[in-house]
Amino acid sequence: GPGTQQKDYVDGGVRYGTVTDLLSFVNLLSSMQAAALQQLPEEMGVLLNKKYMCVKNGRYQINMDVLLFPWKLTYKNHGCGLVPKGSFGKVHLAQDTTTRKRMACKLIPMENFKAADVEFQARFRHENIAELYGALLFDQSVHLFMEAGEGGSVLEKLDSCGPMREFEIIWVTKQVLRGLEYLHSHNVIHHDIKPSNIVLMSDKAVLVDFGLTVQMTEDVYTPRDLRGTEMYMSPELVLCRGHDTKTDIYSLGTTIIHMQTGSPPWVRRYPRTAYPSYLYIIHKQAPPLEDIAEDCSLVMRSFLERALERNPALRSSASELLKDEAINPSRDDQ
Ligand SMILES: Nc1nnc(-c2c[nH]c3ncc(-c4c[nH]c5ccccc45)cc23)o1
């Protein structure tokens, strides 16, 4: 029963465990009353990765066994050390003091924490999804340790270096499509595909922030609330009459427009100052093909037409787009 579960954590503090152990830990957290949190040892948690994180006598102390830093971007110094915000928390750079492994650490205040934040990253593992290394409760915040994209997110790259060239966009798009193909094959919808949720490493790009992710039980997911970031939302999502994994494909299309022009769709034609919300525009207007960059190649333009197709049933899937010539430039193109 819950009593014994709670007991064996109080003694143990921090321990290595399996994904199942981690999921029962976070579910225990979600069900714990605030009062119960007072009597806990300094920190408690389940770490999945012995190679990267070194637990000593049931302890894994912040600022002792692991240090947290604000991010210093490799290609651009953000001065104060930017701390990017996730859907519900700040993301720091972390380094285990024994293994020297550098990780991302997202701090989610206990009151905002929900098991879903961890569940999808724990259950669905893929090279284009930021790997989860462990979860720790310390000082009223859940610390999620994850694979770090030290190149920062695509949004930071766009803000620092301006619009991306087509070959860079192709490189990012392929990785995002591989991650989406994997999630969608398990009926999982990310719900928040956008530049700030794609982070860069030296050899790959990964999807982050599964705070809005859901797994469909039927063929259609009928939302209780509107999930995602307006500019990147599909028309069917805005309509709130049920949608499926294809909504992520539309959001990838709008993300590509942002990568090639430096701005999300709509904002140049409908300035934010005049339009507090874009939901009506997304609902009424045809897909934002007018916002595609002038110098966009013909093959990439037709790729975007398939990704931004208004009717989700006719819109291409991740698997179909992975075969598209726009992201598989044949030899004679080069
Ligand atoms: N919302 C969220 N949930 N999980 C993550 C996450 C996991 N691994 C990461 N690695 C890097 C960054 C990151 C974002 N912007 C940055 C700017 C500079 C440097 C690094 C970054 C974020 C993450 O982000």
Side-chain angles (χ1 to χ4, degrees), residues 22 26 45 47-49 52-53 66-96 101-109 112-136 141-162 164 172 175-176 179-180 182-183 188-214 227-229 232 248 251 255 258-259 264:
L22 187 139
V26 296
L47 307 183
L48 301 173
N49 215 304
Y52 297 154
M53 303 174 84
V66 62
L67 306 177
L68 299 190
F69 307 97
W71 290 97
K72 285 273 179 294
L73 278 186
T74 40
Y75 53 78
K76 179 170 169 31
N77 193 330
H78 269 258
C80 64
L82 179 82
V83 177
K85 291 189 181 2
S87 52
F88 268 122
K90 294 193 178 69
V91 180
H92 295 259
L93 178 65
Q95 183 163 32
D96 184 291
K101 176 68 181 171
R102 292 155 71 87
M103 304 173 280
C105 178
K106 179 153 76 171
L107 275 67
I108 305 177
N112 294 350
F113 180 74
K114 51 189 191 313
D117 288 331
V118 184
E119 186 182 349
F120 292 99
Q121 252 169 307
R123 282 174 51 206
F124 298 101
R125 298 157 60 81
H126 182 272
E127 69 159 353
N128 296 113
I129 289 171
E131 186 178 347
L132 181 72
Y133 299 146
L136 197 77
S141 277
V142 177
H143 295 61
L144 297 182
F145 292 93
M146 297 170 280
E147 182 178 10
E150 298 209 44
S153 75
V154 167
L155 183 65
E156 271 86 33
K157 178 175 170 54
L158 289 166
D159 290 350
S160 309
C161 312
M164 292 161 62
V172 169
Q175 324 246 358
V176 171
L180 288 180
Y182 170 75
L183 287 176
V188 171
I189 311 174
H190 181 281
H191 269 126
D192 209 8
I193 298 297
K194 57 181 178 179
S196 61
N197 281 342
I198 302 167
V199 298
L200 301 167
M201 287 129 188
S202 51
D203 58 346
K204 64 176 182 172
V206 302
L207 296 176
V208 299
D209 206 342
F210 291 77
L212 303 177
T213 303
V214 300
R227 292 167 174 257
T229 309
Y232 310 93
D248 284 339
S251 300
T255 296
H258 194 158
M259 290 194 278

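In listed order, ligands and their atoms are each counted from 1. Atoms considered below: every heavy atom in the structure, side chains included; atoms not considered: hydrogens, waters and symmetry mates. We count residues from 1, following the sequence as given.
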Atoms of ligand 1 under 4.0 Å from any heavy atom of A104, numbered from 1 in the order shown, are 7 (C), 8 (N), 9 (C), 10 (N)

I want to know if ligand 1 touches N197 in the polar sense, i.e. an N/O pair below 3.5 angstrom.
no

Between A148 and R102 the two heavy atoms that sit nearest each other are CB-O, 4.3 Å

Practice item. Before giving the answer on ring pair (Phe, Tyr, Trp, His ring centres under 6.0 Å), spell out for F69 and H92 the whole-Å C-alpha distance, their side-chain angles and the decisive distance to 0.1 Å. Key: CA-CA 6 Å; F69 307 97; H92 295 259; 9.6 Å; no

Which of E147, Q175, E127 passes side chain to side chain donor-acceptor pair (under 3.5 Å) with K204? Answer is E147

Going by the 4.0 angstrom heavy-atom rule, the piece of E147 near ligand 1 is backbone

At under 4.0 Å between heavy atoms, what of S153 touches ligand 1? The answer is both

Practice task
Go through the side-chain N and O atoms of K194 and T229 and say whether any donor and acceptor fall under 3.5 Å apart.
Solution key: yes

Within 4.0 Å of some non-hydrogen atom of G152, the atoms of ligand 1 are 16 (C), 17 (C), 18 (C), 19 (C), 20 (C), 21 (C)

field: Heavy-atom donor-acceptor pair, H190 side chain to V188 backbone, under 3.5 Å
entry: no

Tested for side chain to side chain contact (heavy atoms under 4.5 Å, CB included) against H191, the lone hit among D209, V214, N197, T213 is V214

Note: ligand 1 atoms sitting under 4.0 Å from heavy atoms of A148 are 10 (N)

Under 4.0 Å from one or more heavy atoms of V199, ligand 1 contributes atoms 11 (C), 12 (C), 13 (C), 14 (C), 22 (C)

Check: E150 N/O within less than 3.5 Å of ligand 1 N/O:
no

Note: heavy atom closest to atom 4 (N) of ligand 1, options Q121, M103, M146, E131, belongs to M146

query: Hey, mind stepping through L144 and I108 against side-chain contact (heavy atoms from CB on, under 4.5 Å) and telling me if it holds?
result: CA-CA 8 Å; L144 297 182; I108 305 177; 3.8 Å; yes

